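The structure appears below as structure tokens.
A note on names: the letters A, B, ... follow the listed sequences, proteins ahead of strands, and every chain is numbered from 1. What you see is a predicted model; the values in this text were computed from it and never measured.
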Number of protein chains: 2
Amino acid sequence: MVKTSTLQDVARVANVSTATVSRTLSNPDVVSESTRQRVSEAVKVTGYRINRAARNLRTQRSYSVLVLLPDLANPFFSTILEGISSQVSHEGYSLLIASTKQIHESGERLIDYLDDVRADGIIILDGSLDSQVVEMLKDAPQANRILFACEWIEGTKFPSVRCQNRNGARTAVRHLYELDHRKIAHVTGPKENVLSITRKEAFIKEMTQLNLVLKPEWIITGDFSLSAGCLAAKKWIAFKERPTAVFCASDQLAIGFISELSRHNFKVPRDISVIGFDDIDFAEQFIPPLTSIRQDRLMIGETASKMLMARIINPHDDHTNDTAILPISLVIRESTAKYKT
Amino acid sequence: MVKTSTLQDVARVANVSTATVSRTLSNPDVVSESTRQRVSEAVKVTGYRINRAARNLRTQRSYSVLVLLPDLANPFFSTILEGISSQVSHEGYSLLIASTKQIHESGERLIDYLDDVRADGIIILDGSLDSQVVEMLKDAPQANRILFACEWIEGTKFPSVRCQNRNGARTAVRHLYELDHRKIAHVTGPKENVLSITRKEAFIKEMTQLNLVLKPEWIITGDFSLSAGCLAAKKWIAFKERPTAVFCASDQLAIGFISELSRHNFKVPRDISVIGFDDIDFAEQFIPPLTSIRQDRLMIGETASKMLMARIINPHDDHTNDTAILPISLVIRESTAKYKT
DNA sequence: CCAGTTGGTGTAATCGATTACATATCTTGT
DNA sequence: ACAAGATATGTAATCGATTACACCAACTGG
């Protein structure tokens, strides 16, 4: 095996104690100019690299953050990861990844990651955690090192970062309204999902506010996926009275919806205007390019990391109920158009 | 803070030494039935959780694997990650993620991850590593804990896992040929990329074998992205003599290509047949559904993990030149069709 | 019946960095 | 000139698990 040099080796070469070497590296201000130079020199000649396992043990920190995803294969999360990763690596932290499913299958407990010095904090991107797990986490003393992003859990006081979901739904409806649409449908995400619920509530509220008819069957329960979008399209086709526009709770839904329509020779936006949510990369390249509610996923990731880091570094400040709600924006492309009778 | 119990605590409760407790947990066969029971009981009452930092220090292992991506935000990698993650977590390992860019920016050296006990092995999904970095890695004694997946680096003997790229290109050309296409273009990936080069070579070889005309301008250099696909489409439109089919080195290219065409009122497959590579999730939902060369990304991830694990656990076996090449398959959808004069 | 093996357990060193405390030297003000 | 503080460094304990080695008891075979 490769033997790397240790603090001892550096100390010997620089002719100081290990304490001084350690101080030089982690807190250079407290040592004198001359030793600082000697130590730096010694570090260079020995090729010293800190042994993180040793540091972690001594400081009882891992200098890494765990990100928990519902599903690793979902591209929606990749940009958020990018944001988290760039932020944490900037602060000298590493990024651990796991999926809810795997944790569940392996029978591990989430809190163990914090207790066994694998992670200093956890960012959870999954609001559909098992309620037993949540129960166990929410009053634990480690709870202040857990943060939700994108999704959250109603009735808990975990800090969270998310986008303006209500405003997003409202903006979507308004946009369609301004294009003279009066019969507007909505395809939701998974039934119990907080995002689905929030967006649906805001959708209903705005429809009511605008005095639009809202047939219950025009709210189609889906699950954010492409295939749920296809199913929703089939329902739309079967309606005797068809809405002229639809607000989909995700871009994947919208894309699935449009695809299915096109297989039945309907055209978007000729036959129906479609607006999505998220503004994923493909939205722009889809045919037709998709009108969507954009959330800044990079910023969600960065903000989440910053908030979590603050809590890790300063655990005694009271951060309860910290919530960051980031703005959304309407991106108008070609899947929505003026309604023509 | 939360004080978790240690081996000492368990030992005290079970009335044995810490050595016995440690053995009971990591190697139950060597202790007697009765102590095993007493220790298990003690573990339960104390709520003992192993301190990984301590174990890592003592064993000089981190029980985690680093995956290095060129770009976290690229959804192509998410399924591969899923495969890696499920495999390593199955073996009790954790998954660390970093992007080439971040490593580069932070000035860290990849090899440090191995030396400083942050990772026991590295899976690299980026064949475009800085050549200086490669130079430094390839003869290092730690090199046997590094493995490439999807991409690889010509002229090194790192083990790698990849799909049948040549066969993929050949299959694509054949498919188009069998649909009576004789004028076939190719949009490549980034110029220096191994995948681009391999696929392009195989494309040329197959074209030659089939005795097809191969105008140099029909090979369009791109970069795997949607927008490169758009640019390529513009070139195609500008040709005086237009190929009737195109083999794109990635699905993203194909999608960008088709999108751009549709903006200029060309239709696929009416005006040109398009085949992609990868079979990403969107391929199926795109309009028209994309014919593509499918690679099993889940299996690439799993295989890569297994190979790496074998090397970590058994570093002295000679694994040099291990290479796994996984099969591809042709997925025929609607973006390719019989050529009609 | 005893040497040699096997099985089970304990003692204590060890991994490598951090840091509380002690010590030594140097200022500074009166 | 000297007490009091500031500055710089060293000594050694510590984090918590693993494991080489030693030990003892019980068994085996000749």
Its contact letters, B for base, S for sugar-phosphate only and - for none at protein heavy atoms under 4.0 Å, make nucleotides 4-13 of chain C read ----SBBBBB
Residue pair B:Ile97, B:Leu72: steps toward the side chain to side chain contact (heavy atoms under 4.5 Å, CB included) verdict: CA-CA 9 Å; B:Ile97 301 274; B:Leu72 273 178; 3.5 Å; yes
Inset, instruction - Answer yes or no: is there an ion pair linking A:Arg36 with A:Glu33, defined by an N-O contact shorter than 4.0 Å? - result: yes
A:Asn56 atom CG is separated from D:dA17 atom P, nearest whole Å, by 15 Å
note: A:Leu25, atom CG; C:dA17, atom P; distance rounded to Å ~ 9 Å
Between CG of B:Leu57 and C1' of C:dG16 the distance, given in whole Å, is 6 Å
A:Arg55 atom CZ is separated from D:dT14 atom C1', nearest whole Å, by 17 Å
Here the distance between atom C1' of C:dG16 and atom CZ of A:Arg12, to the nearest Å, is 13 Å
The nucleotide from C:dA17, D:dT18, C:dG16 with an atom nearest the side chain of A:Ile50 is C:dA17
Does the pair A:Arg49/B:Asp116 count as a salt bridge with the N-to-O cut at 4.0 Å?
no
| said: Just to be sure I understand the rule, does B:Ser22 reach a base, reach only the sugar-phosphate, or reach nothing, if contact means heavy atoms closer than 4.0 Å? | reply: base
In whole angstroms, the gap separating C1' of D:dT18 from OH of B:Tyr48 amounts to 10 Å
Quick one: does any side-chain atom of A:Thr323 pair with a main-chain N or O of A:Pro159 as donor and acceptor, under 3.5 Å? no
Minimal heavy-atom distance between B:Tyr63 and B:Arg55, with the atoms involved, is CE1-NE, 3.7 Å
From CD of A:Gln60 across to P of D:dA17 the rounded distance in Å is 9 Å
Atom CD of A:Gln8 and atom P of C:dT14 are separated, to the nearest Å, by 12 Å
| field | Check: B:Thr6 main-chain N/O paired with B:Thr46 side-chain donor or acceptor under 3.5 Å | value | no
